[in-house]
Amino acid sequence: MNSIAAKTTATANKEAVARGLKAAFVQGNLPAAAAEPLSERITSEFVNVNEIHRMNNQMAPMMLLLASYVGTMIMSMNIAQSSMALAAAGMGRWKLFAARNTINVFAAVFVSLIGSTLLMLLGGQVKHGFLLMWGFQSLFVLSFILLSQFCLILLGMGGMLMNILLLSIQLVTSGAMLPRELLSTFYHRLGGALPASYAVEGSMDILFGGSGAGAASLILLLFIVLTAGLSGLVTGLRKGRTQPVVQKSGEPQPIS
């Protein structure tokens, strides 16, 4: 509404100036047509550097972020439940940790392949090509998986509440819904501390053209190393769950 009010005011002022000049020219026996250029001394021309075609492309960065993080939350929850069952069966914590992260890497690459393929098949605007989109999406999906997994390793199933909170925060602060330049200082800094901001920034560069996703990729790699390291640290510090096993005598004995 502020934009509409400013545009209406400018148009009305231009018309008022034009009419006043025409009246003065007529009184001075000058041609009224000469007053028209004088009513608009400064004009603007808008050039769109990275033009986005159609609404589906406008929504693509936000939908990539939303679908990826929600999917990784559900995946991490299922893997956490499976890990608990395997731990109860006696599988070691480090074997579980290695298996989880192996699944994470393969899942990130495979899911990103499907996502990038669908984006291309549905008419997505991808300036820098399919392979770069696939590789970058694999990076930010893996960073999302490891972040959501860390919350579950640290807090157990209660980590899902933290993941829901992180999803909401990242939707607002990532630049997918509105430009980050419009955010307050607090939310701008908060978005810079989470991977979604760099996922959206790199995706926009690849989809719509820009300086490239190199800087965003490096920061996402840093997030991957950091969250994987913190998850390993928590796994190492946490004591193994005690489980009863039945001996030959029939008496349960605790083992670590």
Side-chain angles (χ1 to χ4, degrees), residues 1-3 46-76 108 111-112 114-116 118-120 122-151 161-227:
M1 293 304 296
N2 285 334
S3 176
F46 188 86
V47 178
N48 196 332
V49 178
N50 302 113
E51 189 173 359
I52 303 174
H53 305 288
R54 300 186 301 275
M55 188 67 178
N56 62 315
N57 292 308
Q58 183 73 50
M59 297 292 293
M62 186 182 75
M63 297 311 297
L64 286 172
L65 166 62
L66 181 61
S68 298
Y69 202 86
V70 171
T72 58
M73 284 169 52
I74 298 172
M75 173 185 164
S76 296
V111 168
S112 300
I114 296 175
S116 299
L118 288 173
L119 185 65
M120 298 291 290
L122 295 174
Q125 177 182 340
V126 184
K127 290 287 187 179
H128 291 288
F130 170 78
L131 290 178
L132 188 58
M133 185 66 225
W134 178 21
F136 184 74
Q137 190 177 354
S138 299
L139 270 183
F140 72 73
V141 168
L142 182 58
S143 70
F144 292 167
I145 292 173
L146 293 176
L147 178 59
S148 59
Q149 175 184 266
F150 171 68
C151 294
L161 296 176
M162 179 61 70
N163 279 326
I164 293 172
L165 178 61
L166 285 174
L167 171 62
S168 302
I169 292 173
Q170 290 183 101
L171 275 176
V172 174
T173 61
S174 64
M177 297 179 66
L178 72 163
R180 297 189 69 234
E181 289 77 12
L182 300 179
L183 299 173
S184 65
T185 302
F186 171 77
Y187 284 106
H188 192 276
R189 290 177 179 174
L190 182 60
L194 295 169
S197 300
Y198 306 99
V200 171
E201 179 183 343
S203 295
M204 286 185 173
D205 281 341
I206 294 171
L207 293 173
F208 312 133
S211 58
S217 299
L218 289 176
I219 296 176
L220 287 173
L221 282 172
L222 179 62
F223 274 108
I224 289 170
V225 173
L226 180 62
T227 49

To the nearest 0.5 Å, what is the distance between CG (L139) and CG (L221)? 5.0 Å

If I take atom CG from residue L142 and atom CG from residue L146, how far apart are they, to the nearest 0.5 angstrom? 4.5 Å

Between the main-chain N or O of L220 and the side-chain N or O of S143, is there a donor-acceptor pair closer than 3.5 Å? no

Which atom pair, heavy atoms only, marks the closest approach of S217 to F136? OG-CD1, 3.3 Å

If I take atom CG from residue L226 and atom CZ from residue F150, how far apart are they, to the nearest 0.5 angstrom? 8.5 Å

Taking every heavy atom of F208 against every heavy atom of N57, the minimum-distance pair comes out as CZ-O, 3.1 Å

Look at atom CE of M62 and say whether more than 12 heavy atoms of other residues, nucleotides or ligands are closer to it than 6.0 Å. yes

Looking at V172 and L183, what are the two nearest heavy atoms and their distance? O-CD2, 3.9 Å

Could you grab the distance from atom CG of L165 to atom SG of C151, nearest 0.5 Å is fine? 9.0 Å

Rounded to the nearest 0.5 Å, what separates atom CG in L65 from atom CE in M177? 10.0 Å

What one should report as the nearest heavy-atom pair of L64 and M133 is CD1-CE, 3.8 Å

Between Q149 and S76, do the side chains contain an N or O donor and an N or O acceptor separated by less than 3.5 Å? no

Where at least one partner belongs to residues 162-183, residue pairs that pass side chain to side chain donor-acceptor pair (under 3.5 Å), sequence neighbours excluded: Y69-N163

Expected output: side-chain S116 to main-chain F130 donor-acceptor under 3.5 Å: no

So does V200 get a backbone contact from the side chain of S203, meaning a donor-acceptor N/O pair under 3.5 Å? no

Spacing of L119 atom CG and I114 atom CD1 [to the nearest 0.5 Å]: 13.5 Å

Evaluate side chain to side chain contact (heavy atoms under 4.5 Å, CB included) for K127 paired with L207, printing each intermediate quantity in order. CA-CA 5 Å; K127 290 287 187 179; L207 293 173; over 6 Å; no

Of all heavy-atom pairs between S68 and F144, which one has the smallest distance, and what is that distance? CB-CD1, 3.8 Å

Return the set of residues passing side chain to side chain donor-acceptor pair (under 3.5 Å) with T72 (not counting sequence neighbours), or none when no residue passes. none

Nearest atoms (heavy-atom pairs only) where Y198 meets G192: OH-O, 2.6 Å

